[in-house]
Amino acid sequence: MDKKTFSPLKKDKIKIFRSILEAIILIIIAVIIIKSMFSFTKYMPYDSANLSSDQSTGFIAVSYFGVDRTGTDTLISTGKLDEHLKALKDNGYVTITQKDIKDYYLNGKTLPKKSIFLLFEDGRTDTAIFSQKLIEEYNFKGTMLTYADKFEKEDTKFLSPKDLLKLQKSSYWELGTNGYRLEYINVFDKDSKYLGRLDSIEFSKLASTIDRDYNHYLMDYIRDEDSVPTESYEEMKKRVDYDYESLNKIYKEKLGYVPELYVLMHSNTGQFGTNKKVSQINEDWIKDSFYINFNREGYSLNKANSSIYDLTRIQPQAYWSTNHLLMRIWDDTKQDTEFVVGDKAKSSKFEEVSGKAEFKDESIILTSLPKDKGILKLQDSDKYKDIKLSANLNGNIIGSQGIYLRSDEDQNNSIYIELINNEINIIEKSNGNEKNIFSSKLDKEDNEKDKFDIKDPGSRKLDVTLENNKSSLSIDGVSLAENLEVSNTNGGSVYLESKWAEYGYSQRNLSDDVYDGIFEKLKITDLNDNKLYDSSFNGIEKIAFNIKNLYNNIINWFIKYL
């Protein structure tokens with residue numbers, strides 16, 4: 001059979017259509033970028049009527065590594081940043097400035113009852129492009145942090161001095177610094193091989209092979225593979241002095257002044273460096289060069305008894321749900337917090353027992369309490385006995401996502417399916433006593449070879465069937481257990497559970513005690529496939545959802561490759 005051919009006229013029509021489509025998409029992209037880069041409004045400071053009567057409430061500091069349209073494993077997406085900032089705004093938070101912090105600590109002035117200091121680290125160009133309109137929309141003011149050596153290298157991935165001055169002029173931004181350079185010393189890989197000194201690009205390329213055994217450039221002496229210093233005190237001091245001298249010189253030349261705010265890399269040492277002598281040199285330079293220093297990470301709240309040179313901030317990760325951020329802030333501040341619900345119609349089908357749940361698209365995002373769990377009960381499921389259940393469990397690998405079947409009110413009698421740290425378990429509970437009737441490690445080779453990072457994403461398709469005294473289990477379409485005998489044959493309720501399991505490993509030394517269990521496309525039927533519950537989109541809702549995703553994917557592709 002002859003291959004189908006098009007006439008010259010049809011070919012021309014196809015080319016014209018394709019050109020028009022490309023032109024439309026490029027116009028849309030241009031509009032997005034123009035709207036992101038240009039500001040037509042001015043930042044409005046908080047109303048003084050909101051000031052606290054005293055200094056007791058303090059302020060929270062929230063710092064993002066960077067912003068990307070679609071997000072990466074470290075950069076937050078514009079969509080998620082929007083959700084975070086909206087939730088903070090809805091909770092009554094207003095941004096404070098560097099001057100407010102100075103006045104709070106140095107002059108005893110008070111702050112608004114819910115004050116937030118917002119930072120964006122690393123001075124990335126995409127951060128400015130994709131966050132500008134959001135902070136304008138919510139009338140927030142941010143501090144953009146930069147590395148001085150990026151000005152010399154003229155790397156377009158990072159904001160130039162000219163860009164920074166434009167941001168500052170927009171009124172929505174202040175400037176701060178992460179220091180002179182982002183560089184690592186005394187680096188060992190996972191096999192204890194000494195790698196020595198790496199710049200940020202080299203470190204990024206080797207990140208998958210590097211364990212926690214390394215330090216930041218200003219934290220310690222440079223050492224050999226036996227951890228013996230390779231430089232004298234004077235050599236170390238000269239090296240550290242050079243960074244601060246260069247920082248001061250470059251900012252004065254390029255911006256006309258040195259930012260008043262500094263974020264020491266890396267935080268949480270209990271001083272100003274891992275080594276006491278190095279710490280003293282850092283401390284002297286910091287107090288001589290800056291008014292404000294963020295010296296710790298992991299805790300958001302700063303109070304009047306803190307030092308202005310030892311402030312702390314929380315760094316939301318790219319995978320955090322909105323409620324994850326709110327839960328961490330609530331735990332720090334103990335202030336009343338309005339958590340995000342999402343689809344209220346879908347929410348009404350569940351009873352929140354503990355933790356907080358957001359119903360978003362086809363997913364139920366169940367956020368645990370700190371160092372604890374989150375539990376949801378499916379309403380009207382009290383007599384579910386013989387059923388089939390399926391769901392995509394999309395929470396990170398480190399942590400626990402569980403489903404209770406045939407459960408009583410306190411889950412003391414139940415059949416519990418748990419995915420925890422890449423291991424699947426079926427646990428039968430009887431009067432509070434637990435019996436593990438099935439257990440299997442998933443990806444056994446990976447489990448033996450590597451430890452999982454707390455940010456490592458997970459996604460498992462779970463299928464479970466209960467019929468009388470038999471249960472079956474499949475993961476990702478592979479049957480792991482068939483006709484497994486269970487003793488609990490009573491009808492009972494369906495509960496979802498997310499649970500913090502452990503701090504886990506993190507290459508960046510971050511710790512987190514809140515966990516997001518993500519139950520996508522949760523579907524429950526009887527054995528005849530009659531639907532009892534389904535969180536998936538159907539009909540027109542599904543079509544609209546697919547069209548929206550297609551549009552976003554097209555725009556993202558053009559932004560990435562054009």
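All values below come from the heavy atoms of this structure, side chains included, with hydrogens, waters and symmetry mates left out.
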Note to self: With side chain to side chain contact (heavy atoms under 4.5 Å, CB included) as the criterion, how do I286 and Y244 come out once you've worked through the C-alpha distance, each side chain's angles and the decisive distance to 0.1 Å?
What the structure shows: CA-CA 9 Å; I286 290 169; Y244 287 102; 3.9 Å; yes
Output for pair (S300 OG, N302 CG), nearest 0.5 Å, gives 8.0 Å
Side chains of Y184 and S200: any donor to acceptor distance under 3.5 Å? no
F519 meets the ring-ring contact (aromatic ring centres under 6.0 Å, His included) criterion, sequence neighbours left out, with none
**Asked** Are side-chain N/O atoms of D82 and Y138 paired as donor and acceptor at under 3.5 Å?
**Response** yes
Does N394 use its side chain to pair, donor to acceptor, with the backbone of S459 at less than 3.5 Å? no
F188 meets the ring-ring contact (aromatic ring centres under 6.0 Å, His included) criterion, sequence neighbours left out, with Y194
Sidechain N-carboxylate O distance under 4.0 Å for K249, E245: no
Residues pairing under side-chain hydrogen bond (donor to acceptor under 3.5 Å, both in side chains) where one sits in residues 53-68, two or more places apart or in two chains, turn out to be S52-T57, D54-S56, S63-E121, Y64-H84, D68-T70
- prompt: Thinking salt bridges, do E260 and K102 make one under a 4.0 Å N-O criterion?
  reply: yes
Nearest heavy-atom approach of L75 to D126 is CD1-OD2, 4.1 Å
- Judged by modelled atom types alone, do S279 and N282 share a side-chain donor-acceptor pair under 3.5 Å? no
So the salt bridge (charged side-chain N to carboxylate O under 4.0 Å, His left out) pairs with at least one residue in residues 358-368 (sequence neighbours excluded) are E83-K360
Residues at least two apart in sequence or cross-chain that pass ring-ring contact (aromatic ring centres under 6.0 Å, His included) with F151, listed by chain then number, are Y251
What do you reckon, is NZ of K254 surrounded by more than 12 foreign heavy atoms closer than 6.0 Å?
no
| said: Any salt bridge linking K86 with D90? Criterion: basic side-chain nitrogen under 4.0 Å from a carboxylate oxygen. | reply: yes
Those residues at least two apart in sequence (or on a different chain) that pass side chain to side chain contact (heavy atoms under 4.5 Å, CB included) with E152 are D149, Y180, I250
- Query: Judged by atom type as modelled, is there a donor-acceptor pair below 3.5 Å linking the side chain of D453 to the main-chain atoms of K455?
  - Reply: yes
Sequence neighbours excluded, the answer for ring-ring contact (aromatic ring centres under 6.0 Å, His included) partners of W330 is none
Residue pairs passing the ring-ring contact (aromatic ring centres under 6.0 Å, His included) test with at least one member in residues 87-114, sequence neighbours excluded, are none
To the nearest 0.5 Å, atom OG1 of T127 lies from atom CG of L159 at 7.5 Å
Residues 213-222 vs salt bridge (charged side-chain N to carboxylate O under 4.0 Å, His left out), sequence neighbours excluded, gives D220-R223
inquiry  = Against the six-membered ring of Y217, is R239 placed for a cation-pi contact (under 6.0 Å from the centre, within 45° of the normal)?
reply    = yes
Do R124 and D122 sit within salt-bridge range, that is, some charged N less than 4.0 Å from a carboxylate O?
-> no
Residues 286-310 vs ring-ring contact (aromatic ring centres under 6.0 Å, His included), sequence neighbours excluded, gives F117-F294, Y262-F290
Review point. With distance as the sole criterion, is a donor-acceptor pair present between the side chains of D310 and N295 under 3.5 Å?
Key: yes
Residue pairs passing the salt bridge (charged side-chain N to carboxylate O under 4.0 Å, His left out) test with at least one member in residues 137-147, sequence neighbours excluded, are none
Residues at least two apart in sequence or cross-chain that pass salt bridge (charged side-chain N to carboxylate O under 4.0 Å, His left out) with K237, listed by chain then number, are D241
Y515 and W500 aromatic centres sub-6.0 Å | no
Just checking, is any N or O donor in the side chain of D189 or T209 under 3.5 Å from an acceptor N or O on the other one?
no
task = Kindly state whether the ring of W173 and the ring of Y43 have centres lying under 6.0 angstrom apart.
result = no
- Compute whether any side-chain donor of one residue and acceptor of the other, for S160 and D163, lie under 3.5 angstrom apart. yes
